[in-house]
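Side chains are part of it too, since the values below use all heavy atoms of this structure and drop only hydrogens, waters and symmetry mates. In what follows, chains are A, B, ... by sequence order, proteins preceding strands, each numbered from 1.
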There are 2 protein chains.
Amino acid sequence: MLGEKLKELRESKRLLQRQVAAELKVNTAYISKMENNDKPVSKSYLSKLALLYGVSEKELYTLWLADKVYDVVKDQDVALKAMEVAEEEIKSKRKEKN
Amino acid sequence: MLGEKLKELRESKRLLQRQVAAELKVNTAYISKMENNDKPVSKSYLSKLALLYGVSEKELYTLWLADKVYDVVKDQDVALKAMEVAEEEIKSKRKEKN
DNA sequence: TTAACTTGTCCTGTATTGGGCAAATATACA
DNA sequence: TGTATATTTGCCCAATACAGGACAAGTTAA
C-alpha cells in the first residue's frame, strides 16, 4: 500500500528511481524493493519522501502503519475479527484518557 | 486483551499460576507477565492453554493476533485510520481470490 | 507468616532491518 | 534491430531488535 503509493507519486513527479535513490543516498535496488513491497520502508525516510513528493508526512506515515498492521494479520482467517478487537481496545483506551 | 482473558479463565477454573506454570513447564513469573501484558504470549502455548481452560484455540488466537495489531498501532494518532486502510486491503485481497 | 503473585534484571538465540552488489529483465528509442 | 537506460531480482551480510525465558527479590493477600 505504501509501496504502490510511493511509485505513483514518483511517476507523477516524473522522477527516476535513480534520482530518488540519490536523494535518499541509497541504491536503486532498495527503492525498487520499497515500491514493490519486497522490503519494508524505513520509517526514517518518510519525511524526506514526503518532502520530495509534496505530500504530508502524516499521509505516508498512515500508509506505513497500515502496512505494518497488514503484515501482522495477512493470511489469517481471523484477521478482520482481530482488527476489530484491537480497534475496540484503542477506542476504550481513548475514552479512559478523558 | 489476551492477558486479561487468560487471567479470567484461570481464575474461573480456580487454578493457581503455579499450576499453569507446571503445565507449560515454565516458572510463575512468566505466567504473571503473560497475564499482565508484560511479555507477549508465545504462540506455541495457545493450544495448551485452550485445552487447559476449555476454550477454543481460535478464540485465544484471535486475541493473540489482536494483541499484535494493538502493539503496532498503540499510541499512534493515526491508529484507527491505519487499521481501516489495512482492513480495506484485506477485503480487496479476499475478493481477488474469488 | 506463608503462599501467591509481581517486578526488575539478565541472558541466549533467532528474526528482522537496512542495506549493498551483481546479474537478470524490461523498456525506450534511434 | 541493437543498445543504452531503468528497473527488478536474488543472494548476501552486519547490526539491531525482540522473544522466550530464568532467577532473585520485592509485594500483596489470607
Protein-nucleotides 1-4 of chain C N/O pairs under 3.5 Å:
from, atom 1, to, atom 2, distance (Å)
C:dA4, OP1, B:Arg18, NH2, 2.6
C:dA4, OP2, B:Arg18, NE, 3.1
C:dA4, OP2, B:Arg18, NH2, 3.2

> For the pair made of CG in B:Asp67 and P in D:dG20, what is the distance, rounded to whole Å?
Replying inline: 13 Å
> Do B:Val26 and B:Val20 belong together in a cluster built from hydrophobic side chains that touch within less than 4.5 Å?
Replying inline: yes
> What is the distance, rounded to the nearest whole Å, between atom CG of B:Leu6 and atom P of C:dT6?
Replying inline: 13 Å
> In chain order, what residues pass the ring pair (Phe, Tyr, Trp, His ring centres under 6.0 Å) check against A:Tyr45, with sequence neighbours excluded?
Replying inline: none
> Do any pairs count as a salt bridge (charged side-chain N to carboxylate O under 4.0 Å, His left out) and have a residue in residues 16-28 of chain B, sequence neighbours left out, and if so which ones?
Replying inline: none
>> Applying salt bridge (charged side-chain N to carboxylate O under 4.0 Å, His left out), can you list everything that pairs with B:Lys39, at least two apart in sequence or on another chain?
In response: none
> OP1 or OP2 of D:dT8 sitting under 4.0 Å from any side-chain N/O of A:Lys7?
Replying inline: yes
Could I get a table of every N or O pair under 3.5 Å where one atom is in the protein and the other is in nucleotides 27-30 of chain C?
none

> Shortest non-hydrogen contact from B:Ala86 to A:Val69?
Replying inline: CB-CG1, 3.7 Å
> Do B:Met1 and A:Val78 sit in the same hydrophobic cluster, where Ile, Leu, Val, Met, Phe, Trp and Tyr count as joined when their side-chain heavy atoms come under 4.5 Å apart?
Replying inline: yes
>> According to side chain to side chain contact (heavy atoms under 4.5 Å, CB included), who are the partners of A:Glu84, at least two apart in sequence or on a separate chain?
In response: A:Lys81
>> Restricting to side chain to side chain contact (heavy atoms under 4.5 Å, CB included), what partner residues turn up for B:Glu88, sequence neighbours left out?
In response: B:Lys91
>> Under the rule for side chain to side chain contact (heavy atoms under 4.5 Å, CB included), what residues qualify as partners of A:Asp71, not counting sequence neighbours?
In response: A:Lys74
> Rounded to whole angstrom units, what separation is found between the NZ atom of A:Lys68 and the P atom of D:dC18?
Replying inline: 11 Å
>> Hydrophobic cluster membership, with links at side-chain heavy-atom distances under 4.5 Å among I/L/V/M/F/W/Y: are A:Trp64 and A:Leu24 in one?
In response: yes
>> Could you work out how much the helix from C:dT1-D:dA30 to C:dA30-D:dT1 bends, comparing the axis of its first five pairs with that of its last five, to 10°?
In response: 40°
> Sequence neighbours excluded, which residues qualify as salt bridge (charged side-chain N to carboxylate O under 4.0 Å, His left out) partners of A:Lys68?
Replying inline: none
> Looking at B:Arg14 and B:Gln19, what are the two nearest heavy atoms and their distance?
Replying inline: O-OE1, 4.1 Å
N/O donor to acceptor pairs below 3.5 angstrom from side-chain atoms of residues 47-59 of chain B, sequence neighbours left out:
from, atom 1, to, atom 2, distance (Å)
B:Ser56, OG, B:Glu59, N, 3.0
B:Glu59, OE2, B:Lys5, NZ, 3.3

> Hey, can you pull the residues of residues 28-61 of chain A with a non-hydrogen atom under 4.0 angstrom from DNA chain D?
Replying inline: A:Thr28, A:Ala29, A:Ser32, A:Lys33, A:Asn36, A:Asp38
